[in-house]
Amino acid sequence: LAIQIKEIFYMTNGTNENDVLRHKRRGYLAYFKDGVEDAILNEEQDTEKTFSDYYKQGYRHGLYIKDKQLIREIPYG
């Protein structure tokens, strides 16, 4: 029974399902980080990555961070 259960968690090519999910998440995070970087440093979107919702979220987050930083640098008084 333990051997049968163990086989359920492995895909047909022998990879663990958790490894596949971890790899996908790494890709999502990379798109998010690229979006943040493009918003803050490059100040424009990479048209080859705008298909990704994670990239778009990262870009919006980068703009938010950049706006917050600009507000802090404005001298008061």
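Here the structure is a predicted model, which means the values were calculated and not measured. Here, residue 1 is the first one in the sequence, and each next residue gets the next number.
In terms of the side chain to side chain contact (heavy atoms under 4.5 Å, CB included) criterion, residue partners of Leu63 (sequence neighbours excluded) are, by chain and number, Ala39, Tyr59. Every residue meeting the side chain to side chain contact (heavy atoms under 4.5 Å, CB included) condition with Asp34, not counting sequence neighbours, appears here in chain and number order: Lys49, Tyr55. Contacts of Tyr64 classified as ring pair (Phe, Tyr, Trp, His ring centres under 6.0 Å), with partners at least two apart in sequence or in another chain: none. With sequence neighbours excluded, no residue satisfies side chain to side chain donor-acceptor pair (under 3.5 Å) with Lys56. Residues satisfying the side chain to side chain donor-acceptor pair (under 3.5 Å) test with Glu48, not counting sequence neighbours, are none. Looking at residues two or more places apart in sequence or on another chain, you find no side chain to side chain donor-acceptor pair (under 3.5 Å) involving Asp46. Lys33 is linked by a salt bridge (charged side-chain N to carboxylate O under 4.0 Å, His left out) to nothing, counting only residues two or more places apart in sequence or in another chain.
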Please report the C-alpha distance between Asp38 and Gln45 in whole Å, then the side-chain angles of each, then the deciding distance to 0.1 Å, and finally whether the side-chain contact (heavy atoms from CB on, under 4.5 Å) criterion is met. CA-CA 6 Å; Asp38 286 344; Gln45 288 186 344; 6.0 Å; no
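Within the structure, salt bridge (Lys or Arg N to Asp or Glu O under 4.0 Å) contacts touching residues 59-70 (residues at least two apart or in different chains) are Glu43-Lys66.
Tracing side-chain contacts under 4.5 Å through hydrophobic residues (I, L, V, M, F, W, Y), one never reaches Phe32 starting from Phe51; they form parts of separate clusters.
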